[in-house]
A.B. asks: 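Below you'll find the structure I mean.
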Amino acid sequence: MISHESAALIHGCWVPGLDGTTHVLQRSMPSQPGSDDISRHHSQNLPPEDVTEVHGLAVTSLERTITDCALTLAPRRALAVADSGLRILARPDRFSRDGSVARVEAVRARLSARLGTLRGARGVVGARAVIEHADGFSESPGETDLRWIAASRGLPKPVAQLRVDTEEGAFYVDLGWILDAETDGGAVRRLVAAEFDGEDKYAAPTSPRQDARRDDRTSLYAEKIREDAIRGTGATFHRFVNRHLRDADAVFSRLCRGFPPSVLASLAPVPGLIRRPWYRQGR
């Protein structure tokens, strides 16, 4: 049956870095090695509830697929699958936070319980970190990638889709950190906000050209009002696009602006989220 990132794609998850390989899972040991376009995986433990059908195809269940990907993919890719899988299973709504958080945590608990049966298995440490840091409130792969850069290098967990109350009304930011900082006037609360802008954020490709230009201008003006209002609260506000995410160290350096020195001094990488040394003094 179809499994791992191939199953994740069929389930509707975000799967960055696909290379055209189809992943399949079988109970018996493969009698032949995988080919260039087929990767065969073996598992004797495949209970009926871990098998489902999507669009007429036999695939591993979404929960099994998330844990398989968390065990085998690089953390950056695995987190995208886990975020989107949580989003599909829990259906979080940023306007109904409490109930949404409860559903997300219930799914996370089931995924963690699956990993608990695999103590000592290869990839479990990384998988646990991925499931712990997964967030169903993430609304795009770019947001997830941005959060991975922050989390893997030790920044505190942000709130995804954080509500910010401003003079212009309430707005939501993709990622937000609410921090306590000391100033000459005493302790204050500060917000560090980060946003990922996809290429289609302000576009209206289905509209006639003239209407699309008007829609673009309206969207850009509304976004300026929104950003100015958020900055007006004293927030440090960062915007990123796809090209920025190619240089994770540069993104991380920008994200650190606005954090108090006491937080930055204690940063340490999360071993399960990053697999190579990255830390450099004086970043």
A.B. asks: Side chains of T65 and T60: do they bring a donor and an acceptor to under 3.5 Å?
C.D. replies: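 Result is yes, a qualifying pair exists.
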A.B. asks: Salt-bridged, R91 to D93, with N to O below 4.0 Å?
C.D. replies: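 Here R91 does not pair with D93 in a salt bridge, since their nearest N and O are not under 4.0 Å apart.
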A.B. asks: Give a yes or no on whether L118 and L62 share a hydrophobic cluster (residues Ile, Leu, Val, Met, Phe, Trp, Tyr; joining criterion: side-chain heavy atoms under 4.5 Å apart).
C.D. replies: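 L118 and L62: one cluster.
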A.B. asks: Pick one: which of H11, H23, M1 meets side chain to side chain contact (heavy atoms under 4.5 Å, CB included) with S6?
C.D. replies: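 Only one of H11, H23, M1 forms a side chain to side chain contact (heavy atoms under 4.5 Å, CB included) with S6, namely H23.
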A.B. asks: Does any N or O in the side chain of W177 come within less than 3.5 Å of the main-chain N or O of V159, such that one atom is a donor and the other an acceptor?
C.D. replies: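 Checking the backbone N and O of V159 against the side chain of W177, no donor-acceptor pair under 3.5 Å is found.
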A.B. asks: Following the transitive rule for hydrophobic clusters with a side-chain heavy-atom cut-off under 4.5 Å over Ile, Leu, Val, Met, Phe, Trp and Tyr, establish whether F252 and V263 coincide in one cluster.
C.D. replies: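 Yes, it is one cluster - the side chains of F252 and V263 are joined through contacts under 4.5 Å.
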A.B. asks: In terms of ring plane angle, is the pair H41 and H4 parallel, tilted or perpendicular, where the classes change at 30° and 60°?
C.D. replies: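 H41 and H4: parallel rings.
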A.B. asks: Would you call R239-E227 a salt bridge at under 4.0 Å N-O?
C.D. replies: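 Counted as a salt bridge, because a side-chain N and a carboxylate O are separated by less than 4.0 Å.
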A.B. asks: Any salt bridge between R147 and D174, counting N to O under 4.0 Å?
C.D. replies: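 A salt bridge is absent here (no side-chain N lies under 4.0 Å from a carboxylate O).
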A.B. asks: Would you compute the distance between atom NE2 of H244 and atom CD1 of I149 and round it to the nearest 0.5 angstrom?
C.D. replies: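 One finds 11.0 Å between NE2 of H244 and CD1 of I149.
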A.B. asks: Quick one about D19 and T21 (side-chain donor to acceptor, distance below 3.5 Å, no hydrogens or angles considered), yes or no?
C.D. replies: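 T21 vs D19: donor-acceptor pair found between side chains.
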A.B. asks: Students often mix this up, so state it plainly: with edges at 30° and 60°, are the rings of H238 and F240 parallel, tilted or perpendicular?
C.D. replies: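 Ring orientation of H238 relative to F240: tilted.
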A.B. asks: State yes or no: do V164 and I178 share one hydrophobic cluster built from I, L, V, M, F, W and Y residues joined by side-chain heavy-atom distances below 4.5 Å, directly or via other members?
C.D. replies: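 Yes.
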A.B. asks: Mind checking whether R226 and E168 have side chains closer than 4.5 Å, heavy atoms only?
C.D. replies: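 Counting from C-beta outward, R226 and E168 never come under 4.5 Å.
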A.B. asks: Treating Ile, Leu, Val, Met, Phe, Trp and Tyr as nodes and any side-chain heavy-atom pair under 4.5 angstrom as an edge, say whether V192 and F171 lie in one connected cluster.
C.D. replies: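 No, separate clusters.
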A.B. asks: Could you tell me whether the side chain of T236 and the main chain of G258 form a donor-acceptor pair under 3.5 Å?
C.D. replies: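 Side chain of T236 to backbone of G258, a donor-acceptor pair under 3.5 Å: no, none is there.
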A.B. asks: In chain order, what residues pass the ring-ring contact (aromatic ring centres under 6.0 Å, His included) check against W148, with sequence neighbours excluded?
C.D. replies: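 None.
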A.B. asks: Do side-chain atoms of S61 reach the backbone of R64 as a donor and acceptor pair under 3.5 angstrom?
C.D. replies: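 At least one qualifying donor-acceptor pair exists.
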A.B. asks: Please say whether more than 12 non-hydrogen atoms of neighbouring residues, nucleotides or ligands are located less than 6.0 Å from CD in E49.
C.D. replies: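 Yes, the 6.0 Å shell around CD holds more than 12 heavy atoms from other groups.
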A.B. asks: Test question: given the 4.5 Å side-chain rule for I, L, V, M, F, W and Y, name all other residues clustered with V241, or answer none.
C.D. replies: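 When side chains under 4.5 Å apart are linked, V241 ends up in no cluster with other residues.
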A.B. asks: For the pair R153 and D249, evaluate salt bridge (charged side-chain N to carboxylate O under 4.0 Å, His left out) and give the outcome as yes or no after the intermediate values.
C.D. replies: CA-CA 9 Å; R153 289 152 171 79; D249 289 337; 3.5 Å; yes
A.B. asks: Is the charged tip of R97 near the ring of F137: under 6.0 Å from the six-membered ring centre and within 45° of its axis?
C.D. replies: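 So R97 does make the cation-pi contact.
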A.B. asks: Run the side chain to side chain contact (heavy atoms under 4.5 Å, CB included) check on L179 and L191 step by step: do they pass?
C.D. replies: CA-CA 6 Å; L179 306 166; L191 170 66; over 6 Å; no
A.B. asks: Distance-only check: which donor-acceptor pairs under 3.5 Å involve side-chain atoms of residues 104-115, not counting sequence neighbours?
C.D. replies:
from : atom 1 : to   : atom 2 : distance (Å)
E105 : OE1    : R108 : NE     : 3.0
E105 : OE2    : R108 : NE     : 3.4
E105 : OE2    : R108 : NH2    : 3.0
R108 : NH1    : I131 : O      : 2.7
R108 : NH1    : E132 : O      : 3.2
R108 : NH1    : A134 : O      : 2.8
R108 : NH2    : A134 : O      : 3.2
R110 : NE     : E63  : OE2    : 2.6
R110 : NH2    : E63  : OE2    : 2.8
S112 : OG     : R108 : O      : 3.0
R114 : NH1    : D50  : OD1    : 3.2
R114 : NH1    : D50  : OD2    : 3.3
R114 : NH2    : D50  : OD1    : 2.7

A.B. asks: Please name the pair of heavy atoms, one in A194 and one in L146, separated by the smallest distance, quoted to 0.1 Å.
C.D. replies: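 Shortest heavy-atom contact: CB-CD2, 3.9 Å.
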A.B. asks: Cluster question for you: counting only ILVMFWY and a side-chain heavy-atom cut-off of under 4.5 Å, with indirect links fine, are L245 and L175 together?
C.D. replies: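 Yes: a chain of side-chain contacts under 4.5 Å links L245 to L175.
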A.B. asks: Can you find a side-chain donor-acceptor pair between S138 and T144 that sits under 3.5 Å?
C.D. replies: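 Note: S138 and T144 side chains meet the donor-acceptor criterion.
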A.B. asks: Quick check for you: to the nearest 0.5 Å, what is the distance between E143 atom CD and D197 atom CG?
C.D. replies: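 That separation rounds to 9.5 Å.
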A.B. asks: Does R87 come within less than 4.0 Å of D83, counting only side-chain N to carboxylate O?
C.D. replies: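 Answer for the salt bridge query: no.
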A.B. asks: Could you tell me the separation between the CD1 atom of I88 and the SG atom of C13, rounded to the nearest 0.5 Å?
C.D. replies: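 Nearest 0.5 Å value for the CD1-SG distance: 4.0 Å.
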A.B. asks: Run through R77, R76, R246 and flag the one making a side-chain hydrogen bond (donor to acceptor under 3.5 Å, both in side chains) with D145.
C.D. replies: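 Result for side-chain hydrogen bond (donor to acceptor under 3.5 Å, both in side chains) with D145: R76.
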